[in-house]
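A quick write-up on the structure given underneath.
Chain naming here is simple, since letters A, B, ... match the order of the sequence lines and numbering starts at 1 in each. Predicted model only: the values in this text are computed from it and were never measured.
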Amino acid sequence: MQLGFPVKITQRDDLPSNDARRHQSGPHLRVSLGYLRAIFDYLASIDVRMYRMSSDLAPYVTHPDMPQFHRQIDECRAELAALGADARAQGLRLSLHPSQYIIINSPDADLVQRSVRELAAQAAILDAMALGPEAVVVLHVGGVYGDRSASRERFIHAYTQLPEPVRRRLVLENDDTRFSVGDILHIHQHTGVPLIYDYQHHMCLDRERIPVAEALRACIATWPHGVQPKIHFSTPRTEMKATRRKNKQTGAAATVYQPPSWTNHADYVNPFEFINVMRQVPEREFDVMLECKLKDTALLRLRSDLPRYAPDVAARFGLLEPAEQERSAG
DNA sequence: CGATGTCAAGGAATC
DNA sequence: GATTCCTTGACATCG
């Protein structure tokens, strides 16, 4: 089992995750791939073998008004192949998670078409890197549009219409306000799409009141034989949020404190909840993407705490010395 | 150099 | 029908 983290590196300020320049400055996938090369080295140096790449590696690659950006993946065939070989050599599991604007269950056919184009670009990047089936593109169901059931059925229809390279990579995740674990299980039954169980989202939205162990097992079971399942884990921020607000009339600034929503991510994983959830499914292996605000810093902290406090869980992530590993197994 | 405004994109709540 | 939040960082411009 592996622990991973998404996109941004917080331990270092010299490792950007994508070429984020504005379109006027001519950003390019080639620049992002140079950054990624350095990120892979960093991941190897901290012994991390799962990572979510930025969904903006290829800037404007499907922007309808900017055809000059549309050839980037072809222009980087060689670089993509080389990076993919590096990833395989270091046993690195990669993924992509397109932004909230990529929606395939919209009633707006044009928006669906633009979204499918973007998904095709994301799948093409993973294909050009020649990554195995564990390298997935993660998507949410989309909008409710006033009728959850109809919108769920529209997702099912849209999924069956997807180009084969997209369908081969796509996996579906429960979200925290619209489509629950129950919803994605229903969609799986009608499409076969593998499911990502997100613990924090499940805690925020669970209309069917599915127990954690049951939801986790059910989602894990949707992955095809031979492909290691993956889940998302995070816990909510509990500290008050300070925001500096300026009065529009007077210009006077004041700090306002607000309680965080359950959907806000904490800086670090709550370790008690982490080990509790891991122990719900002792019989299956799966990878865990940690979606904390402090990304790699949170992963490193959890990893250093686990052997001392929860050697049984640490053992499953290969975090014990061989002698301790044996003791924990025995 | 520091402060501030801006960025491709949708959905949903609120007024 | 229009506005704002969601949530976030970093680019770009200005003083």
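- Using cut-offs of 30° and 60° for the angle between ring planes, the A/Tyr60 and A/Phe69 rings count as tilted.
- Side-chain contact check for A/Ser55 and A/Gln122: no donor-acceptor pair (N or O, by modelled atom type) lies under 3.5 Å.
- At whole-Å resolution of the value, CZ in A/Arg21 and C1' in C/dG9 are 17 Å apart.
- The CD atom of A/Gln100 sits 16 Å away from the P atom of B/dC7 (whole-angstrom rounding).
- Here the C1' atom of nucleotide B/dG11 and the CG atom of A/Asn105 are 11 Å apart, to the nearest Å.
- Side-chain nitrogen and oxygen atoms of A/Ser115 include none within less than 4.0 Å of the OP1 or OP2 phosphate oxygen of B/dA9.
- As judged by a 4.0 angstrom heavy-atom cut-off over every strand, A/Ser261 is placed among residues making no nucleic acid contact.
- Linking ILVMFWY residues whenever their side-chain heavy atoms come closer than 4.5 Å, directly or via other members, places A/Ile102 and A/Ile156 in the same cluster.
- Following rounding to the nearest Å, A/Leu294 (CG) and C/dG9 (P) show an atom-to-atom distance of 10 Å.
- Contacts of A/Asp65 with the nucleic acid, taken as non-hydrogen atoms under 4.0 Å apart, are absent.
- Proximity note for A/Ser99 (side chain, C-beta onward) versus B/dA9, B/dG11, C/dA12: the nearest is B/dA9.
- With both ends at atom P, the span from B/dG5 to C/dC5 equals 15 Å, rounded to whole Å.
- Ring orientation note: the planes of A/Phe5 and A/Tyr42 are nearly perpendicular, at an angle over 60° on the 30°/60° scale.
- B/dG11 and C/dA10 have their C1' atoms separated by 25 Å, given to the nearest Å.
- For A/Arg22 and C/dC11, a side-chain-to-base donor-acceptor distance below 3.5 Å is present, hydrogens and geometry of angles not being considered.
- The same atom, P, is picked in B/dG10 and in C/dG9; the two are 22 Å apart, to the nearest Å.
- Side-chain atoms of A/His232 and A/Tyr197 include no donor-acceptor pair closer than 3.5 Å.
- Nearest nucleotide to the A/Lys8 side chain, out of B/dA8, C/dA10, B/dA12: C/dA10.
- Between the CG atom of A/Asp147 and the C1' atom of B/dG11 there is a distance of 15 Å, rounded to whole Å.
- Residue contacts for A/Asp175: at a heavy-atom cut-off of 4.0 Å it reaches no nucleic acid atom on any strand shown.
- C/dC5 atom P lies 17 Å from atom CZ of A/Arg178, rounded to whole Å.
- Spacing of P atoms, B/dA3 relative to C/dT8, comes out at 23 Å, to the nearest Å.
- Rounded to an integer number of Å, the gap from NE2 of A/His23 to C1' of B/dA9 is 13 Å.
- Relative to the side chain of A/Pro64, the nucleotides B/dA8, C/dT7, C/dC11 differ in distance, and B/dA8 lies closest.
- Looking at heavy-atom distances under 4.0 Å, A/Tyr60 makes contact with a base.
- Here A/Ser106 reaches the OP1 or OP2 of B/dG11: one of its side-chain N or O atoms lies under 4.0 Å away.
- The base-pairing partner of B/dA8, taking Watson-Crick or G-U wobble contacts with both distances under 3.5 Å, does not exist among the strands shown.
- In this structure a side-chain-to-backbone donor-acceptor pair under 3.5 Å is missing from A/Arg237 to A/Ser261.
- Note: CZ (A/Phe179) to C1' (B/dG10) measures 14 Å, nearest angstrom.
- If you check C/dT8 for Watson-Crick or wobble pairing at under 3.5 angstrom, you find it has no partner at all.
- Under 4.0 angstrom from either OP1 or OP2 of C/dT7 there lies no side-chain N or O belonging to A/Lys293.
- Separating the P atom of C/dG1 from that of B/dA8 is a span of 28 Å, rounded to the nearest Å.
- Close to B/dA8, at under 4.0 Å from its OP1 or OP2, lies no side-chain N or O of A/Tyr101.
- Without hydrogens or angle criteria, A/Gln72 side chain to A/Pro59 main chain gives a donor-acceptor distance under 3.5 Å.
- Between A/Arg114 and B/dG10 there is a side-chain N or O to OP1 or OP2 distance below 4.0 Å.
- Straight-line distance between the P atoms of B/dT6 and C/dT3: roughly 15 Å, to the nearest whole Å.
- Nearest nucleotide to the A/Asp56 side chain, out of B/dA9, C/dT7, B/dG10: B/dA9.
- If you check C/dT13 for Watson-Crick or wobble pairing at under 3.5 angstrom, you find it paired to B/dA3.
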